Amino acid sequence: ETSALEPTADPEDILEELRGAGVRGALLVGHQPHLGLLISRLLSGRPDVEVPLKKAALVWLSWDGGKTAELRAFIPPKVLERLSGLASSR
């Protein structure tokens with residue numbers, strides 16, 4: 001739990017916390033526009049870009065603590081919903 005994920009926090013705050021903690025992996029849950037700004041900063045390296053995200057979307061990034069991250073997967077909510085239906089029908 002961290003105040004760096006609060007909607008009024010600068011997305012750079014969470015990146016600094018993660019760098020300082022030396023984490024190798026993290027699952028971040030948040031809301032728009034904060035989460036979109038954080039993802040945008042990781043993908044573009046710029047603070048003035050925002051990736052629009054739908055509620056319940058899943059984004060997987062690889063990040064080594066540097067300025068940018070690599071997008072590994074983006075799964076929109078409709079796809080996740082269909083996948084969950086497939087799993088429950090087995």
Side-chain angles (χ1 to χ4, degrees):
E1 191 172 319
T2 176
S3 62
L5 285 175
E6 291 179 4
T8 57
D10 183 335
E12 189 64 34
D13 294 347
I14 191 64
L15 299 179
E16 288 302 320
E17 279 196 31
L18 292 170
R19 281 185 195 107
V23 298
R24 295 188 49 97
L27 174 64
L28 304 178
V29 178
H31 297 278
Q32 283 294 77
H34 189 259
L35 198 57
L37 291 169
L38 173 63
I39 292 166
S40 299
R41 185 161 308 176
L42 283 167
L43 291 175
S44 72
R46 296 174 43 188
D48 60 339
V49 176
E50 181 183 342
V51 171
L53 294 175
K54 298 278 187 188
K55 289 181 183 176
L58 182 123
V59 178
W60 176 21
L61 304 173
S62 290
W63 181 61
D64 64 5
K67 186 172 179 172
T68 60
E70 177 184 345
L71 179 64
R72 302 291 301 265
F74 172 76
I75 306 174
K78 287 184 180 187
V79 173
L80 290 171
E81 195 174 333
R82 286 186 189 130
L83 290 172
S84 72
L86 290 174
S88 64
S89 67
R90 290 183 177 177

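This structure is a prediction, so every number in the text was calculated from the model and none was measured. For this chain, numbers begin at 1 and follow the sequence in order.
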Q) Which residue, L61, L58, V51, L53, forms the side chain to side chain contact (heavy atoms under 4.5 Å, CB included) with F74? A) L53

Q | ILVMFWY network linking L43 to W60, side-chain heavy atoms under 4.5 angstrom | A | no

Q: Give a yes or no on whether V59 and L18 share a hydrophobic cluster (residues Ile, Leu, Val, Met, Phe, Trp, Tyr; joining criterion: side-chain heavy atoms under 4.5 Å apart).
A: yes

Is any side-chain heavy atom of [Y] closer than 4.5 Å to one of [X]?
X: H34; Y: P11; result: yes
X: I39; Y: L71; result: no
X: R19; Y: W63; result: yes
X: E17; Y: L5; result: no

How close do [X] and [Y] get, heavy atom to heavy atom, and via which atoms?
X: A56; Y: L80; value: O-CD1, 3.2 Å
X: A9; Y: S3; value: CB-O, 3.7 Å
X: K67; Y: G45; value: CE-O, 3.2 Å

Q. Roughly how far, to the nearest 0.5 Å, is CD1 of I14 from CG of L35?
A. 10.5 Å

Q) Rounded to the nearest 0.5 Å, what separation is found between the CG atom of L42 and the CD atom of E12? A) 8.5 Å

Is it the case that the side chain of [X] and the backbone of [Y] share a donor-acceptor pair, with hydrogens and angles ignored and the cut-off at 3.5 Å?
X: H31; Y: P7; value: no
X: T68; Y: S44; value: no
X: Q32; Y: G36; value: yes

